[in-house]
**Q** 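The structure under discussion is supplied below as structure tokens; questions concerning it will follow.
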Protein chains: 2
Amino acid sequence: MQKNIETFITDTLHKKGMRMTRPKKEFLDFFTSEEYLKTPQELLENIKQHNINIGLTTVYRMLNYLMEAGLTKAYSINGELRYIFCPPDHHYHMICVKCLRVKNIFDCPVKDVKVDGFKIQSHQVDFFGICDECSKKEVNK
Amino acid sequence: MQKNIETFITDTLHKKGMRMTRPKKEFLDFFTSEEYLKTPQELLENIKQHNINIGLTTVYRMLNYLMEAGLTKAYSINGELRYIFCPPDHHYHMICVKCLRVKNIFDCPVKDVKVDGFKIQSHQVDFFGICDECSKKEVNK
DNA sequence: CTCTTATAGAAAATTATTTTCTATAACTAT
DNA sequence: ATAGTTATAGAAAATAATTTTCTATAAGAG
């Protein structure tokens with residue numbers, strides 16, 4: 001976890017009277033630098049593989065908190081909810097449909113416009129494709 | 001449900017050895033013309049309000065089937081999975097963040113391109129905003 | 001119209017998620 | 001630093017969401 005993200009999240013927590021603790025840090029340390037869409041279970045397992053012990057409840061609580069804070073996004077893939085950390089100012093996702101790797105894309109060309117009677121408030125653009133590594137693995141590219 | 005959609009889905013079902021039945025038709029009749037993101041429970045309730053009786057299991061089975069067929073999309077909103085029917089050739093969604101109304105937008109300006117090592121295979125663009133009706137209801141527009 | 005087989009839906013089983021509870025640890029004020 | 005206050009972690013229990021099982025029924029083929 002980059003220092004600035006940790007500081008940012010710690011400040012956000014404090015504004016709500018919440019505390020930055022070891023389990024939260026351990027979770028964020030892993031989650032904020034994870035590149036793949038993961039289920040809560042997978043996140044816990046991955047973290048435990050690093051010999052770090054936190055509870056599943058903490059994973060759920062952090063995911064809920066980060067979702068509310070707009071710092072995480074959930075995708076329903078094959079009936080499973082999978083999560084990815086979203087840096088504060090990201091706009092696009094590039095998602096590999098094979099390995100579920102996600103890349104954040106920051107530059108946003110879309111302006112505030114009115115479409116078909118709707119005032120645009122926010123937007124998300126998600127591209128689904130094959131990442132370079134999965135391309136290499138393909139027999140029939 | 002428009003005739004052409006029903007025919008299209010019936011054909012798709014038959015290709016898999018599945019049958020078009022009264023409960024499936026009742027569900028599709030409602031779901032394919034529903035404009036708002038709904039939970040499975042809500043869909044069932046709405047259908048029952050029309051004095052039509054189908055089971056929750058059928059709702060889940062149809063949603064799973066339509067998701068697989070690419071004819072439905074799920075959004076995780078406030079921790080709830082909400083579904084919307086997607087016509088075969090839609091590309092964009094306009095989603096009202098207040099009432100969860102969804103409009104399909106068909107024209108797609110995005111081409112097959114390679115971005116940051118990813119070959120784009122499909123994409124989705126989801127705009128979140130305030131629909132015209134919710135705009136009218138707002139005190140502070 | 002008959003026959004074969006997918007189906008609906010109730011109930012049970014399973015899975016995912018949230019809540020409860022209490023010892024512990026984080027921050028505040030001394 | 002240290003003591004006091006209160007949010008917290010995480011296990012267990014509770015709940016909610018979803019899937020599976022099972023069998024009478026109905027769809028569609030011939």
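Numbered from 1 within each chain, the chains take letters A, B, ... in sequence-line order.
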**Q** How does protein contact run along nucleotides 18-30 of chain D, one letter per nucleotide 5' to 3', with B for base contact, S for sugar-phosphate only, - for none, heavy atoms under 4.0 Å?
**A** SBBB----BBS--

**Q** Between the two ends of the helix from dC1(C)-dG30(D) to dT30(C)-dA1(D), what is the bend in degrees, rounded to 10 degrees, where each end axis spans five pairs?
**A**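 Answer rounded to 10°: the end axes differ by 60°.
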
**Q** Using atom CD of Glu42(A) as one end and atom P of dA16(C) as the other, report the distance to the nearest whole Å.
**A**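 Glu42(A) atom CD is separated from dA16(C) atom P by 11 Å.
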
**Q** Atom CE of Met62(A) and atom P of dT17(C): how far apart are they, to the nearest Å?
**A**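 Taking atom P of dT17(C) as the reference, CE of Met62(A) is at 17 Å.
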
**Q** Over all heavy atoms of both residues, which pair between Leu37(A) and Tyr75(A) is shortest? Give the atoms and the distance, please.
**A**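 That closest heavy-atom pairing would be CD2-CD1, 3.6 Å.
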
**Q** Can you check the Glu80(A) CD to dT14(C) P distance for me, whole Å?
**A**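 Checked: the CD to P distance equals 18 Å.
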
**Q** Could you see if Tyr83(B) belongs to whatever hydrophobic cluster contains Leu56(B)? Use Ile, Leu, Val, Met, Phe, Trp, Tyr and a side-chain cutoff under 4.5 Å.
**A**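 Yes: a chain of side-chain contacts under 4.5 Å links Tyr83(B) to Leu56(B).
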
**Q** Residues two or more places apart in sequence or in another chain: which of them pass ring pair (Phe, Tyr, Trp, His ring centres under 6.0 Å) with Phe27(A)?
**A**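 Phe27(A) satisfies ring pair (Phe, Tyr, Trp, His ring centres under 6.0 Å) with Phe31(A) only.
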
**Q** Just verifying a value: how many Å separate Leu100(A) CG and Tyr36(A) OH, rounded to the nearest 0.5 Å?
**A**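 Here the interatomic distance stands at 9.5 Å.
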
**Q** When the distance from NZ of Lys25(B) to C1' of dA8(C) is rounded to whole Å, what number comes out?
**A**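 The distance from NZ of Lys25(B) to C1' of dA8(C) comes to 15 Å, rounded to the nearest Å.
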
**Q** Take atom NZ of Lys24(A) and atom P of dA25(C), then tell me their distance rounded to the nearest Å.
**A**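 Answer to the nearest Å: 14 Å.
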
**Q** How long is the line joining CG of Asn78(B) and C1' of dA16(D), in whole Å?
**A**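 Taking atom C1' of dA16(D) as the reference, CG of Asn78(B) is at 16 Å.
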
**Q** Pick one: which of Thr12(B), Asn4(B), Asp11(B) meets side-chain contact (heavy atoms from CB on, under 4.5 Å) with Phe8(B)?
**A**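 That would be Thr12(B); it is the only one of Thr12(B), Asn4(B), Asp11(B) passing the side-chain contact (heavy atoms from CB on, under 4.5 Å) with Phe8(B).
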
**Q** By side chain to side chain contact (heavy atoms under 4.5 Å, CB included), which residues pair with Lys16(A), not counting sequence neighbours?
**A**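 Scan of Lys16(A) (side chain to side chain contact (heavy atoms under 4.5 Å, CB included), adjacent residues dropped) gives Met18(A), Tyr65(A), Glu68(A).
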
**Q** Taking CD from Glu26(B) and P from dT7(C), how many angstroms apart are they, rounded to a whole number?
**A**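 Nearest whole value for this atom pair: 17 Å.
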
**Q** Work out which heavy atom in Glu6(B) is nearest to a heavy atom in Met20(B); give both atom names and the distance.
**A**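 Taking every non-hydrogen atom into account, O-CE, 4.4 Å.
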
**Q** Kindly write out the residues that satisfy side chain to side chain contact (heavy atoms under 4.5 Å, CB included) with Arg22(A), not counting sequence neighbours, or none if the list is empty.
**A**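 Glu26(A), Ile52(A), Ile54(A).
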
**Q** Which whole-number value in Å describes the distance from Tyr65(A) OH to dT18(C) P?
**A**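 After rounding, the reported distance stands at 17 Å.
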
**Q** Scan residues 39-61 of chain B for pairs that pass side chain to side chain donor-acceptor pair (under 3.5 Å), counting only residues two or more places apart or in two chains.
**A**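 Every side chain to side chain donor-acceptor pair (under 3.5 Å) pair that includes a residue of residues 39-61 of chain B, provided the two are not neighbours, is Lys38(B)-Asn46(B), Glu42(B)-Arg82(B).
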
